[in-house]
Structure formats: C-alpha cells, structure tokens
Undergrad: 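Got a structure here, written out as structure tokens. Questions coming.
FYI, the numbering just counts along the sequence from 1.
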Amino acid sequence: QPSGRAVGARGSRPSTPRRAPQCWEVREHNSSEWCHFIRSNPDCRLDGGFLDYLDGVFCVFPPRLLPLAVTLYALWLLYLFIILGVTAEKFFCPNLSAISTNLKLSHNVAVFSLTSPLHGVTFLAFGNGAPDVFSAVVAFSDPRTAGLAIGAIFGAGVFVTTVVAGGIALVKPFTAASRPFLRDIIFYMVAVFLTFVVLYLGRIRLGEALGYLGLYVFYVLTVVLCTWIHRRQRGDGLAPPGAWEPEMPTDVEEPEPSSTNSGDYGEEYRPLLPSRESSLRILTSALSPLDYRKWRRKPWYWRLFKAFRVPVELVLLLTVPVVDPDKDDLNWKRPLNCLHILTSPLLCVLTLKSGAYGLYQIQGIFPVWALVTLVASALALIIFITTSNEEPPKYHCVFAFLGFLASAMWINAAATELVNILRTLGIIFQLSNTVLGLTLLAWGNSIGDTFSDLTMARQGYPRMAFSACFGGIIFNILVGVGLGCLLQMTSSQPLVKLEPDSPLVWVLAGALGLSLVFSLVTVPAQCFQLGQPYGVCLIASYLLFLCVALLTEFRVIHFSTP
C-alpha cells in the first residue's frame with residue numbers, strides 16, 4: 001500500500017503554483033474587498049514615501065467617493081510638480097552655480113559666465129534635469145515602477161524633440177548651429193540605441209550602467225573640445241551676428257542676467273544708502289516670499305499661481321540656504337543662515353529613507369533627530385555669536401553645499417511621492433506604468449523647460465532654446481538610466497532587470513528614433529534654416545504618436561513584443 005501511494009505520487013501531474021495576484025487586479029474584486037486586498041497583497045506595498053496612497057484611496061475613502069479621492073490625488077500631483085519646479089529653479093540651480101563659481105570651474109575657458117561649455121553641460125544640465133533624474137532614480141529603485149522611468153525618459157525625449165523644438169520653429173524661424181546640432185543629435189541617437197538594446201535584453205549590468213555615465217563624460221569632453229577648437233579658429237573673438245538672428249553662430253550664447261531665489265523678493269527696491277537693520281527685521285524680510293510692489297503690477301493669473309507657490313517657497317526659505325556670488329553680501333542673512341544650520345540637517349535626516357534614519361533610536365533610547373538638533377543648535381549659536389549682520393564670514397561658501405544637499409533632499413522626497421502617486425493612479429485606472437511615464441510624468445517634468453525655451457525664442461534667442469532641447473535630454477537619458485540603475489546594484493546582484501510592462505515601450509522607442517532620424521535628415525536638407533513647416537511637421541508627428549500610444553495602451557492596436 002505505501003509503495004502504491006508512492007507510485008501514484010510520482011505518476012501524478014505536478015500542481016502548478018498559483019500566480020500571486022497583481023495589485024492592479026483590485027478593481028476586479030467587489031468594492032467591499034478592496035481594503036483587505038490592498039493590505040494583504042505584497043504587490044500593493046509602496047516603497048518609500050510618507051503617505052500610503054493606495055491605503056488612502058481604497059480604505060480611507062468609501063467606494064462611492066472614489067472620484068473625489070482621484071480628484072484630490074490629481075491636485076496633489078500638480079502641486080508636487082510645483083514643488084519640484086520651485087525647488088530646482090530657486091534653490092537647487094543657484095546653489096549649483098555658487099558651487100561652480102567657488103570651485104572656479106568656469107575659469108578655464110574664455111567666457112567667464114554661466115554659459116561656458118563645461119558649466120552648461122555639467123552643473124547647469126544637472127540643475128535643469130534634477131527633477132527628471134531624481135524621478136528616474138526613485139522609479140528604478142522598484143522593479144514595479146521601472147516602467148515609469150523608461151516611459152518618462154523616452155516620453156520627455158519625444159515631447160521635447162517634437163513639441164518644444166517645433167514650437168520654437170513656429171514662434172521664430174531661425175538658422176540652427178550646424179555643428180552643435182549634429183553633435184547633440186548623434187550623441188542622443190547613440191544613447192537611445194543603447195537603451196533600446198538594454199530593453200531588448202531585459203537587463204542592465206554594471207558595465208553597461210558605467211557605460212552610460214562614461215558616454216556622458218565623453219559628451220562633455222567633446223563639447224569642451226569642439227568649443228575650444230572653434231574659438232581657436234576665429235581667433236578667440238566673437239563672430240559678428242548674422243542677418244537671420246541676433247546671436248553668435250555657435251552654441252555659446254550671450255550671457256543673460258542670472259537670478260536666485262531672492263530675485264523675486266524686492267531686490268530691485270534696495271535702498272540707496274545702506275542701513276543697519278536688526279536681526280529680527282532681517283529674518284522677517286528674508287522669509288517673505290512676496291514682493292508686494294511686484295504683486296500689484298502683475299496680472300491675476302500670475303497672482304493665482306504665486307499664491308499656490310507661497311507655502312512651498314516659505315518652507316524652502318526656512319530650510320534651504322542660497323548663496324549668490326553676484327551680490328556684494330553673497331546673500332548673507334545672518335539670523336536666517338544660522339537658523340539654516342538647524343533646519344537643513346534636520347530636513348536631511350527626516351527625509352532620508354522617508355525618515356527611517358531620523359527616527360532611529362541610538363541604543364534604543366535617544367533618537368537621531370534629537371542628536372542632530374542638539375549639535376546643530378550649538379553650532380548655530382556659535383556662528384551667530386562670532387559673525388555680524390553686515391559682512392559674511394569667510395566660510396560662507398559652505399552654505400552653498402548645505403543648500404545644495406538640502407534642496408536635493410527636497411527634490412528626492414517630492415520625486416518619491418510623485419512616483420508613488422502615479423503608480424496609485426495607474427492601479428486605479430488599470431494603466432501601465434509606461435503610459436503614465438510618457439504622459440503625466442514626462443509632461444510634468446518638461447513643462448518648465450517648454451515655457452522657458454519658448455520664452456527664450458520669443459525674446460530673440462531661438463538657437464539657444466533649440467540647442468537646449470537636445471543638450472538637456474542627453475543628460476537626462478544617460479545620467480538618469482546610468483545613475484538610476486547603478487544605485488540599485490549590489491555586490492551580490494550587479495544587474496537590474498528592465499522588463500517592459502507593456503508593448504507601448506517599443507512604440508515609444510520607435511517614435512523617439514523616428515523623430516530623431518527625421519530631424520537629422522530634414523534639418524541639413526533645409527541648410528539648417530528652420531521655419532514653420534518644420535515646426536508643424538514635428539508637432540503633427542507627436543500628436544500621431546500620442547494617438548498610436550493610447551490606442552496601443554487600450555489594446556485597440558496590437559503589437560507582437562520581442
């Protein structure tokens with residue numbers, strides 16, 4: 001009898017293990033089971049972040065109020081984009097500029113300004129692309145959201161190279177700089193091809209991730225070398241502007257006045273005669289994000305948008321110092337900067353790993369945040385006693401590094417919430433991460449560049465704006481993919497799996513490749529003179545791509561995946 005049971009066991013078909021339910025299947029269950037499904041399914045756990053959006057929408061809100069929850073999440077999503085934009089523009093970029101000035105990174109070239117090639121393709125590119133890179137790093141940290149990163153990087157590439165570039169040509173026809181254009185588009189095509197190969201293989205190894213970063217270093221060196229050769233050829237002088245537009249015929253543009261976070265706060269109304277102000281008055285004026293005279297001159301829509309930004313700017317002013325090398329006092333605000341000695345380190349420990357390190361208790365008794373508070377308070381008191389309101393200390397440049405770190409932590413925290421809420425919306429509407437990345441995340445991260453580039457073109461600098469279209473996205477794809485995957489690798493597993501969650505990835509890669517080939521062929525064919533027909537074709541191609549992408553997502557069009 002025992003042997004018969006053994007034979008029967010060997011002869012029976014092995015039972016296949018049940019597939020673990022995916023989180024997006026929650027909407028297929030009865031609404032009364034949503035909360036239990038979300039809390040019991042490991043696939044529904046959001047890594048990082050301060051808020052559990054899935055638990056909120058499926059457990060806190062009753063099913064009949066699901067539209068209200070989605071509306072609130074959409075508004076919070078828009079506000080997260082505002083936080084990312086304000087932090088990068090007013091705090092991250094100015095501190096990067098101050099760091100590069102203190103390190104004298106731009107003094108090895110002829111132009112002593114923010115438009116030097118080395119500065120433009122490293123620090124300035126990092127500042128402008130910080131939201132994209134941080135979002136990619138956060139998305140790559142979880143295999144379930146890697147599609148968001150791929151969709152956002154490719155989607156932003158398609159959007160910028162078609163809609164933004166086409167809009168510039170529509171706003172102001174111009175002659176593109178031939179050598180910089182060809183250099184940038186060839187490098188970008190190589191980066192897109194590498195990403196296509198990585199997606200086809202389904203994984204990226206350590207050498208390939210380092211190859212992304214190495215390619216960007218090679219691109220930076222190429223930009224510097226090409227600029228140096230061009231300056232040698234023209235005798236280190238500025239070429240006269242052509243008849244087509246009032247610009248230099250290279251990718252090195254005229255310097256523009258730089259602005260920092262205090263530029264909006266009454267700087268133009270500085271009194272003619274300096275006066276001694278009390279520390280309390282300095283603190284209150286430095287913490288005011290509004291210039292009331294400017295407020296009265298602006299239209300209603302500017303005031304409305306500013307009203308949404310004020311809470312963000314106030315919190316950032318409290319926690320992030322900004323150093324301005326262009327000011328006589330380097331933007332030294334003694335009481336506020338001493339307060340930053342306390343708030344910035346607290347911000348860093350309380351946002352790192354969503355506060356896990358800050359709340360950790362030493363020996364199970366004393367929390368880390370309390371230790372940081374004690375040390376920072378003592379250091380702030382010493383600095384306040386040993387400095388004056390009128391003259392910044394010699395070590396004031398250290399505040400630029402502190403501000404850079406604090407603003408980076410703000411961007412990382414906002415990017416983590418952004419990725420989590422996008423994944424939540426994808427689960428609610430049963431959408432793939434790729435379509436969310438190429439639409440919401442790509443549009444949100446690109447909207448600031450879109451307005452700045454189109455404004456630059458209307459002001460008479462379309463060539464500079466057009467160059468920014470290709471130069472910025474090279475940084476985003478090479479550093480975003482390379483650094484994002486490199487940070488997720490460990491010594492035991494030196495690879496990251498990149499398995500496309502939708503056939504839409506291949507549509508996206510194909511559309512980006514076609515748009516680049518189109519520009520590579522048509523721009524030289526037009527002798528680099530770009531006008532309205534070129535812009536109309538680019539925008540029409542993006543609308544066509546968007547239609548195909550949405551039809552693919554909703555399975556109206558079927559593609560066989562590799």
Side-chain angles (χ1 to χ4, degrees), residues 85 89 93 111 113-117 120-121 124-125 128-129 156-185 188 223 227 230 234 238-259 299 301-302 442-443 445-476 515-545:
E89 176 190 358
C93 289
V111 181
S113 70
L114 294 181
T115 54
S116 66
V121 296
L124 199 57
N128 293 336
V158 177
F159 182 81
V160 170
T161 56
T162 55
V163 175
V164 181
I168 292 170
L170 287 174
V171 168
K172 189 174 181 62
F174 66 102
T175 302
S178 56
R179 285 176 292 188
F181 169 77
L182 293 175
R183 176 199 66 212
D184 290 346
I185 199 171
Y188 191 50
V223 171
T227 306
H230 184 68
R234 60 178 186 163
L238 297 179
W244 191 271
E245 60 173 334
E247 292 182 12
M248 294 185 295
T250 75
D251 54 343
V252 183
E253 304 291 346
E254 293 287 352
E256 296 182 359
S258 59
S259 60
Y301 53 85
W302 184 94
W443 294 340
N445 286 337
S446 302
I447 194 68
D449 295 335
T450 303
F451 283 116
S452 61
D453 290 343
L454 293 179
T455 301
M456 198 183 304
R458 282 194 296 266
Q459 291 175 350
Y461 297 96
R463 182 182 297 172
M464 183 193 300
F466 190 73
S467 298
C469 290
F470 292 93
I473 53 179
I474 292 175
F475 175 85
N476 293 345
S515 70
L516 294 176
V517 171
F518 175 77
S519 292
L520 182 62
V521 173
T522 58
V523 172
Q526 300 174 86
C527 298
F528 298 94
Q529 296 187 6
L530 308 181
Q532 294 183 353
Y534 174 74
V536 170
C537 289
L538 287 181
I539 295 177
S541 65
Y542 182 78
L543 295 177
L544 177 63
F545 151 73

Undergrad: Say you draw a straight line from OG1 of T162 to CG of L516; how long is it, rounded to the nearest 0.5 Å?
TA: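 So the OG1 of T162 and the CG of L516 are separated by 10.0 Å.
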
Undergrad: Side-chain atoms of residues 517-526: list all donor-acceptor pairs with protein atoms under 3.5 Å, sequence neighbours left out, distances to 0.1 Å.
TA:
| unit_1 | atom_1 | unit_2 | atom_2 | d |
| --- | --- | --- | --- | --- |
| S519 | OG | S515 | O | 3.4 |
| S519 | OG | Y534 | OH | 2.9 |
| T522 | OG1 | F518 | O | 2.6 |
| Q526 | NE2 | T522 | O | 3.2 |

Undergrad: Nearest heavy-atom pair of V158 and T161: which atoms, and what distance?
TA: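 It is O-OG1, 3.4 Å.
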
Undergrad: How close do L530 and A176 get, counting heavy atoms only, and between which atoms?
TA: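 Heavy atoms of L530 and A176 come nearest at CD1-CB, 4.1 Å.
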
Undergrad: Which heavy-atom pair separates Y188 from G157 by the least distance, and what is that distance?
TA: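 So the minimum-distance heavy-atom pair works out to OH-CA, 3.3 Å.
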
Undergrad: Closest heavy-atom contact between Q529 and T175?
TA: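 Residues Q529 and T175, closest heavy atoms: CG-OG1, 3.7 Å.
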
Undergrad: Measure across G531 and P173 and return the closest heavy-atom pair with its distance rounded to 0.1 Å.
TA: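 Result for this residue pair: CA-CB, 3.9 Å.
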
Undergrad: Which value, rounded to the nearest 0.5 Å, describes the distance between F181 atom CZ and D184 atom CG?
TA: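 CG of D184 is found 9.0 Å from CZ of F181.
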
Undergrad: Checking W302 now: which residues fulfil side-chain hydrogen bond (donor to acceptor under 3.5 Å, both in side chains) with it, not counting sequence neighbours?
TA: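 Checked W302 against side-chain hydrogen bond (donor to acceptor under 3.5 Å, both in side chains); zero matches.
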
Undergrad: Applying side chain to side chain contact (heavy atoms under 4.5 Å, CB included), can you list everything that pairs with A165, at least two apart in sequence or on another chain?
TA: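 With neighbours one apart ignored, the set is F466, C469, L538.
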
Undergrad: Kindly give the heavy-atom pair with the smallest separation between P462 and G460, and that separation in Å.
TA: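 For P462 versus G460, the nearest heavy atoms are CD-C, 3.2 Å.
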
Undergrad: Please list, chain by chain and in numerical order, all residues satisfying side chain to side chain contact (heavy atoms under 4.5 Å, CB included) with L454, sequence neighbours excluded.
TA: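 Only I168, V171, T450, R458 meet the side chain to side chain contact (heavy atoms under 4.5 Å, CB included) criterion with L454.
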
